[in-house]
Protein chains: 2
Amino acid sequence: MSKSAIKNGEIIREEDAVLPITSREVQCNYSVYEALRVLGGKAVHLKDHEKRLRESAAMLKMEIPELPLEKWIDTLVAHDGLEDVTMRILVVGGSNVQVFITYTELLTYPDSYYDEGVAVTTYQGERFMPTCKTSNLLLSYLALNDARSKGAFEALLVDRNGEVLEGTRSNFYALKDGVVYTADTDKVLSGVTRLSVLKALELMGVPVVLRAPGAEEIKSADALFISSTSMAAMPVSVLDGKPVSTDNEFVKKIMRYVREHELD
Amino acid sequence: MSKSAIKNGEIIREEDAVLPITSREVQCNYSVYEALRVLGGKAVHLKDHEKRLRESAAMLKMEIPELPLEKWIDTLVAHDGLEDVTMRILVVGGSNVQVFITYTELLTYPDSYYDEGVAVTTYQGERFMPTCKTSNLLLSYLALNDARSKGAFEALLVDRNGEVLEGTRSNFYALKDGVVYTADTDKVLSGVTRLSVLKALELMGVPVVLRAPGAEEIKSADALFISSTSMAAMPVSVLDGKPVSTDNEFVKKIMRYVREHELD
């Protein structure tokens, strides 16, 4: 059966989920989005994603109407008989707001990524409007392609001050002497999973300092890890081609907390 | 008659010039573009636009095949019986490169814009990859919307050092004591019209310094102007709501040179 999608509340064929290139909003990627997990047909942390979607829109002065996202997701789940998938909500602004919901198979990673850690690279660049989840993603695209060309899983974005703010699709953390360092809230995307990670660290009694670690500093950290909706928390074991100190049990504890609280 | 467009060399209906939102390249605006004038059915400075298109693609490591753009434009001109229009060439990269050519009526401006000058505002922000004409246009969109909300025609982008690099869809110049100041070539888009402007200034015996003028400096310039494919050269008479010194005859001389050499 061919896949479906939602456009402004209506079921359409996925292949009809398209944007006209003659629209100024499309040309300028005046749009915001969210990616979320659906487990057992139920959207995970939908309220948090919806809140961030509205915050992103507000930062762009994009007016969007009330969106019955839960109902639309339920409609799509029922229509295509979905269980576990990754969904993407895209809102294109302008005088004629368009809302799409599409899905792919659930984005998951092999156990080895959690057992052994993943390789990351660093990439010089700063996201435009870092607290806003927009479609202005060219930097992330280029940085991730660069990482992949080097056999790495993710690229860490280093800003003009040499601070490591976040990954192209993840938040970033460095553990040093029992303290976790991560960028301050006004400098990065407020990841839905980041909130769970911070909560887990609090419960584990691990102090957190909201300061982005430096690109030099992280080379001698005790452990590095990244987090995202699809990764939960994932340890980093290779940085720019060189092995770095890891503490995969520490990161796994966080990962398990994140996953266990998805359906809260 | 409904409008047509070109997709990978084939005539399609303009309404079919669409992009699938499920493509990663579309989601991340991994694309480059050009806007050019067609006069009397003939593309203006096509070789220059094509060269810049290829340079933009190369900066993104985007591989694009040989494109018989002139032939495709001729096909579209003949099919829709076009005379004077503004055309847009869009190349979306990835494993399956897509090339679109669409058109709108020729973008022109009232004589009063040249006689009286236009209002501009300043906007803090730097384009990502400033020498590359990509679809990563959210900053330009927001800056121009901000300008329009204040009744202005264009927004000038001011970088972290307080330098005025360019407009959202124009190059920028300040005249002071007989010298024209404009951003250095490695900091801005190498405008096809900018080349004509620099040529005109050379012929007029006006020295040019390739240094972006400061946001404070331009308040006391003798004249400010902007240039683009559709504007040619256009004087600025109002800066952030305040009248500024203008020299519209000077700018008109440049404008006429640009227009007269379009069909070279």
Side-chain angles (χ1 to χ4, degrees), chain A residues 3 5 7 12-33 35 56 59-62 88-94 98-104 125-129 132 134-146 149 159-161 168-169, chain B residues 3 5 7 12-33 35 56 59-62 88-94 98-104 125-129 132 134-146 149 159-161 168-169:
Chain A
K3 284 166 79 179
K7 180 180 178 181
I12 59 170
R13 294 180 305 170
E14 189 197 64
E15 63 208 77
D16 294 328
V18 294
L19 294 171
I21 65 167
T22 48
S23 149
R24 182 166 167 253
E25 281 66 34
V26 172
Q27 289 170 356
C28 297
N29 38 85
Y30 185 56
S31 51
V32 295
Y33 75 101
S56 294
M59 282 184 253
L60 299 184
K61 298 183 184 174
M62 183 191 294
R88 192 174 201 269
I89 304 170
L90 175 70
V91 181
V92 184
Q98 295 191 77
V99 184
F100 292 91
I101 306 176
T102 52
Y103 68 91
T104 55
E126 298 173 27
R127 285 176 51 242
F128 175 59
M129 302 187 79
C132 187
T134 77
S135 298
N136 214 59
L137 290 169
L138 186 58
L139 166 64
S140 302
Y141 181 91
L142 296 176
L144 185 56
N145 275 9
D146 178 71
S149 76
D159 77 0
R160 65 188 78 168
N161 303 315
T168 69
R169 56 203 158 126
Chain B
K3 285 166 79 178
K7 179 180 176 180
I12 60 170
R13 295 180 304 171
E14 188 198 65
E15 64 209 77
D16 294 328
V18 295
L19 294 171
I21 65 167
T22 46
S23 148
R24 182 166 167 251
E25 281 68 33
V26 172
Q27 289 169 356
C28 297
N29 39 86
Y30 185 58
S31 52
V32 295
Y33 75 101
S56 295
M59 281 184 253
L60 299 184
K61 298 183 183 174
M62 182 192 293
R88 192 173 202 270
I89 305 169
L90 175 71
V91 181
V92 184
Q98 295 191 77
V99 184
F100 292 91
I101 306 177
T102 52
Y103 67 91
T104 55
E126 298 173 28
R127 285 176 52 243
F128 175 60
M129 303 187 80
C132 187
T134 77
S135 298
N136 214 59
L137 290 168
L138 186 57
L139 166 65
S140 302
Y141 181 91
L142 296 176
L144 186 55
N145 275 10
D146 177 72
S149 75
D159 77 359
R160 66 189 79 170
N161 303 315
T168 68
R169 55 203 159 127

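Throughout, protein chains are lettered first and strands after them, A, B, ... in sequence-line order, and every chain is numbered starting at 1. Basis for what follows: all heavy atoms, side chains included, without hydrogens, waters or symmetry-related copies.
- Contacts with chain A were tallied for Thr104(B), Thr134(B), Leu60(B); Leu60(B) has the most, counting heavy-atom pairs under 4.5 Å.
- Only the side chain of Leu142(B) comes within contact range of chain A, with heavy atoms under 4.5 Å apart.
- With rounding to the nearest 0.5 Å, the separation of OG in Ser140(A) from CG in Asn29(B) is 10.0 Å.
- With sequence neighbours left out, the side-chain hydrogen bond (donor to acceptor under 3.5 Å, both in side chains) criterion links Glu25(A) to Tyr141(B).
- Under the side chain to side chain contact (heavy atoms under 4.5 Å, CB included) rule, Thr22(B) has a single partner from Glu15(A), Glu14(A), Arg88(A), Lys3(A), which is Glu14(A).
- Using a 4.5 Å cut-off between heavy atoms, Ile21(B) contacts chain A through both its backbone and its side chain.
- Chain B forms the most heavy-atom pairs under 4.5 Å with one residue out of Thr102(A), Asp16(A), Asn145(A), Leu139(A), and that residue is Leu139(A).
- If you measure heavy-atom distances from Phe128(B) to chain A, the contacts under 4.5 Å come from the side chain alone.
- Here CG of Asn136(B) is found 4.0 Å from CG of Asn136(A). Values are rounded to the nearest 0.5 Å.
- Under the salt bridge (Lys or Arg N to Asp or Glu O under 4.0 Å) criterion, Arg24(A) pairs with no residue, sequence neighbours left out.
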